[in-house]
Number of protein chains: 2
Amino acid sequence: MANEKKVQQNTILDIAEALKLSPATISRALNNHPHVKEKTKSDVLKMAAQLGYRRNNMASGLRSNKTYTVGLIVPRISMFFHAEVITTIQNGLHKYGYNLIICQSNDSVTMEKELTEILFSSRVDALIAACTLFTTDFSHFDKLLENGTPVYFYDRVPLHDLGATIIKGDDFRGGYMATSHLIETGCRKIAHISGPLTSNLYQNRSSGFIKAMEQHQIPVNEDWIFHQELTQNNAREAMRKLFEGDIVPDGIFTDNDSSAIAALEYAKEIGLNVPVDLKIVGYSNDPRTSIINPSITTVEQFPADFGKKIVEVLIDSLKNPNHEITKTAPIIIPIQLIRRMST
Amino acid sequence: MANEKKVQQNTILDIAEALKLSPATISRALNNHPHVKEKTKSDVLKMAAQLGYRRNNMASGLRSNKTYTVGLIVPRISMFFHAEVITTIQNGLHKYGYNLIICQSNDSVTMEKELTEILFSSRVDALIAACTLFTTDFSHFDKLLENGTPVYFYDRVPLHDLGATIIKGDDFRGGYMATSHLIETGCRKIAHISGPLTSNLYQNRSSGFIKAMEQHQIPVNEDWIFHQELTQNNAREAMRKLFEGDIVPDGIFTDNDSSAIAALEYAKEIGLNVPVDLKIVGYSNDPRTSIINPSITTVEQFPADFGKKIVEVLIDSLKNPNHEITKTAPIIIPIQLIRRMST
DNA sequence: TTGTAGGCGTTATCAA
DNA sequence: TTGATAACGCCTACAA
């Protein structure tokens, strides 16, 4: 019992021996090759089951250069949006016989690079990535692309063309709709708590914000626009600044829901009545926004649609690996404003 | 550009050729073997970088029978508890050079079995699993154990010994403390919304509930104990039953936070004042419980401690693969009651 | 300190 | 329809 090393597993050679067949035939039978006699195939499957045979994916992958494995890198799996996307992707790929290796970068560029290396070393058939907020250099993905491994970026995506497929939300429209909604419900003094402009997300949501303001001829107060990491603490700090002056906002658009929640809590603490004194719109439709009181108006991103679309394009190119590398324009997933009690 | 198949990658042979050395030396240099001249090692590393060499994990794993990869199966990554555990495990393993393959069973036993097969086929060095609520037959893990691959169960674990390491929360104490707390804050008519008794979690939390009730000589109303899947809908249905009679509870202990939230919302809908008319205690300290109004008293499970402990025992046995398979008693992670406004 | 040679388990090619 | 053989890229005795 002690000192027991890995036990030798049964291989196709064992099946071959038991059945007086060649390993090649076993391999073919196991892989549903066309030119195998039905009887042989069923014999092989039976014997495989009996011996408890399990294919060795390393040997198979090494030889065939296909791993039926897709890598995925996300900043954090705990974010509701990503958790949903991941689930959809995993279930989708599973149907086509592909496995998914899920990795977290913890929003660290270094970690993202390391994970990319590792996934390449594992020779994944494709890579899906939602980059960190701080990824501006995407060269660590080059190795995969050079090798002909398709790369799919979603959510946080490169700002310039890399030869990879891009799936993103309609952030411009999201920012525009959120802001327009605030204006339509009566706000005239609107602040925007946004993320770092290194990310496409916040660039576009900010543009949407500006567009809506300009269209309604409402002056934009530069001091009321924050570009910072979207943590609860930063949101509170922004709120403090916003409400220490004489003129205070009557509407706030935050680029994520955590910030919206923090803003709402801060507003309640200083005695504001939301939505009467202040209206708030968040982004992402995190489950918490519907539970908090008052519930928060937010922008639904339809993570399941992201997942479905990613699987669709990924499987398409994996099944037809040698069709022209279509320089696809970015795929845009529509958003939708969810109106709640905070506006 | 079109029809481009996978490009041939550089291998240790290419490095060997470029440096007029043998592949064996390259391999040793890359793996930090003791008997390689420093100069040689640095030459190799330099050339490897220059050629953009990346080790092929399949080839290396096939030969060495080590993958430096650990598999993980959880019901859902979106559950706060699991997301936290996963993050801790991934970061912990990363320090030791191990990778983590994260898989979701979606609480489906079939999927759990398939994933186990796949992870075995990939010859992971170890497997970590939080089983589905419905897993009563654990034989799909046998293959790994027979093969000498260590298996670690956490949270939802087998009820009988399998030769695997078990890490679980102190569910008995959690149930006991939650119930005692309700009693100490004045409740005498206490209901329990629990999960299926096929799971160790709900067996133990229920035992804790009963123990506390008996210790305080409070009669247990069997009609007020629900064993069902812990969905929001089921919780609402239970609430409906509880509050349709003449005698209604003044305290509710639910075995997860989603049920507690659903119970709280139902209570508010029928005009009850929580905590005055009804007190509620949940389980897990989901972030939503601190945001909802009133905030919900719940049991903290310290997911990060789960993760740390798992990494600790896992690395220990992976680094010393041939030490006696210690039939470890289950490892118990302490819990803590978080008092909030709902009690 | 480095080189030689064989093999990990599977699949692809060619031949039968 | 099946078999023989080589090769995928790497690691590890053993020899030098």
Side-chain angles (χ1 to χ4, degrees), chain A residues 5-44 47-48 51-69 120-125 147-148, chain B residues 5-45 47-48 51-69 118 120-125 147-148:
Chain A
K5 312 285 292 205
K6 296 254 171 178
V7 172
Q8 182 54 48
Q9 286 306 309
N10 286 323
T11 70
I12 53 173
L13 261 94
D14 297 304
I15 303 179
E17 201 167 312
L19 256 33
K20 306 281 175 226
L21 287 168
S22 80
T25 304
I26 310 301
S27 172
R28 283 186 284 248
L30 256 20
N31 290 297
N32 257 315
H33 266 253
H35 301 303
V36 183
K37 204 166 44 169
E38 275 306 324
K39 171 82 165 66
T40 309
K41 193 184 291 184
S42 71
D43 284 354
V44 169
M47 183 55 74
L51 296 179
Y53 167 82
R54 302 283 187 282
R55 167 193 281 118
N56 183 321
N57 283 345
M58 288 180 292
S60 160
L62 177 60
R63 181 60 238 249
S64 68
N65 213 22
K66 269 181 281 172
T67 57
Y68 291 97
T69 297
F120 180 78
S121 277
S122 296
R123 300 296 190 270
V124 290
D125 289 344
N147 180 48
Chain B
K5 311 286 289 208
K6 296 255 174 180
V7 172
Q8 182 54 48
Q9 285 306 308
N10 287 323
T11 71
I12 52 172
L13 260 93
D14 297 304
I15 304 179
E17 202 167 313
L19 257 31
K20 306 281 176 225
L21 286 168
S22 80
T25 303
I26 309 302
S27 172
R28 282 187 283 248
L30 255 21
N31 289 298
N32 257 316
H33 265 252
H35 302 302
V36 182
K37 202 167 45 171
E38 275 306 324
K39 171 81 165 65
T40 309
K41 194 183 291 183
S42 70
D43 284 354
V44 169
L45 292 179
M47 183 56 75
L51 295 179
Y53 169 82
R54 302 283 187 286
R55 170 195 275 114
N56 183 320
N57 282 344
M58 288 179 293
S60 132
L62 177 60
R63 180 58 237 252
S64 67
N65 214 23
K66 268 180 283 172
T67 57
Y68 292 97
T69 298
I118 290 168
F120 180 78
S121 277
S122 297
R123 299 295 190 268
V124 290
D125 289 343
N147 180 47

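Below, read A as the first sequence line, B as the second, and so on, with proteins coming before strands; counting in each chain starts at 1.
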Quiz item: Could one point to a donor on the side chain of A/Arg63 or the base of C/dT11 with an acceptor on the other under 3.5 Å away?
Solution: yes
Quiz prompt | Toward the 5' end of DNA chain C, by each residue's nearest nucleotide, B/Lys41 or B/Ser64 | solution = B/Lys41
Quiz item: In whole Å, what is the span from the CG atom of A/Asn56 to the P atom of C/dG7?
Solution: 18 Å
Quiz item: Can you check whether B/Ser27 has a side-chain N or O nearer than 4.0 Å to OP1 or OP2 of D/dC11?
Solution: yes
Quiz prompt | OP1 or OP2 of C/dT11 under 4.0 Å from side-chain N/O of A/Ser60 | solution = yes
Quiz item: With distance as the sole test, does A/Asn31 use its side chain to make a donor-acceptor pair with the main-chain N or O of A/Arg28 at under 3.5 Å?
Solution: no
Self-check item: Short side-chain N/O contact from B/Thr25 to OP1 or OP2 of C/dG3, under 4.0 Å
Solution: yes
Quiz item: Roughly, in whole Å, what's the span from CG in A/Asn57 to P in C/dT10?
Solution: 10 Å
Quiz item: Tell me: CD of A/Gln9 to C1' of C/dG9, nearest whole Å?
Solution: 12 Å
Self-check item: Beyond-backbone contact of B/Gln9 with B/Asn56, side-chain heavy atoms, under 4.5 angstrom
Solution: no
Quiz prompt | Backbone N/O of B/Val124 and side chain of B/Ser122: donor-acceptor pair under 3.5 Å | solution = no
Quiz item: Near DNA chain D, under 4.0 Å by heavy atom, which residues of residues 28-40 of chain A?
Solution: A/Arg28, A/His35, A/Val36, A/Lys37, A/Thr40
Quiz item: Do any side-chain nitrogens or oxygens of A/Ser22 fall under 4.0 Å of OP1 or OP2 in D/dG3?
Solution: yes
Self-check item: Main-chain N/O of A/Leu51 paired to A/Asn10 side chain as donor or acceptor, under 3.5 Å
Solution: yes
Quiz item: Expressed in angstrom and rounded to an integer, what is the separation of B/Glu17 atom CD from D/dG9 atom C1'?
Solution: 15 Å
Quiz item: Between the two end axes of the helix from C/dT1-D/dA16 to C/dA16-D/dT1, each built from 5 base pairs, what angle do you get to the nearest 10°?
Solution: 30°
Quiz item: Any donor-acceptor pair under 3.5 Å linking the side chain of A/Ser27 with the backbone of A/Pro23?
Solution: no
Quiz item: Within this structure, what is the CG-to-P distance between B/Leu19 and C/dT2, rounded to whole angstrom?
Solution: 11 Å
Quiz item: Can you tell me how far CG of B/Leu19 sits from OG1 of B/Thr25, rounded to the nearest 0.5 angstrom?
Solution: 10.0 Å
Practice problem: Evaluate the side-chain proximity of A/Arg55 to A/Asn57: yes if any heavy-atom separation is below 4.5 Å, no if none is. | Solution: yes
Quiz prompt | Nearest heavy-atom neighbours spanning B/Arg123 and A/Arg54 | solution = NH2-O, 3.3 Å
Quiz item: Is B/Leu21 touching bases, backbone alone, or none of the nucleic acid, heavy atoms closer than 4.0 Å?
Solution: sugar-phosphate
Quiz item: Do the side chain of B/Thr69 and the main chain of B/Thr67 share a donor and acceptor less than 3.5 angstrom apart?
Solution: yes
Practice problem: Measure from CG on A/Leu13 to C1' on D/dA4 and round the result to the nearest Å. | Solution: 13 Å
Self-check item: Between D/dC8 (P) and A/Arg123 (CZ): distance, integer Å
Solution: 14 Å
Quiz prompt | Separation of atom CG in A/Asn65 from atom P in C/dG9, rounded to whole Å | solution = 20 Å
Quiz prompt | Results of side-chain hydrogen bond (donor to acceptor under 3.5 Å, both in side chains) for B/Lys66 - residues two or more places apart only | solution = none
Exercise. Tell me whether the OP1 or OP2 atom of C/dG9 has a side-chain N or O from A/Thr11 closer than 4.0 Å.
Key: no
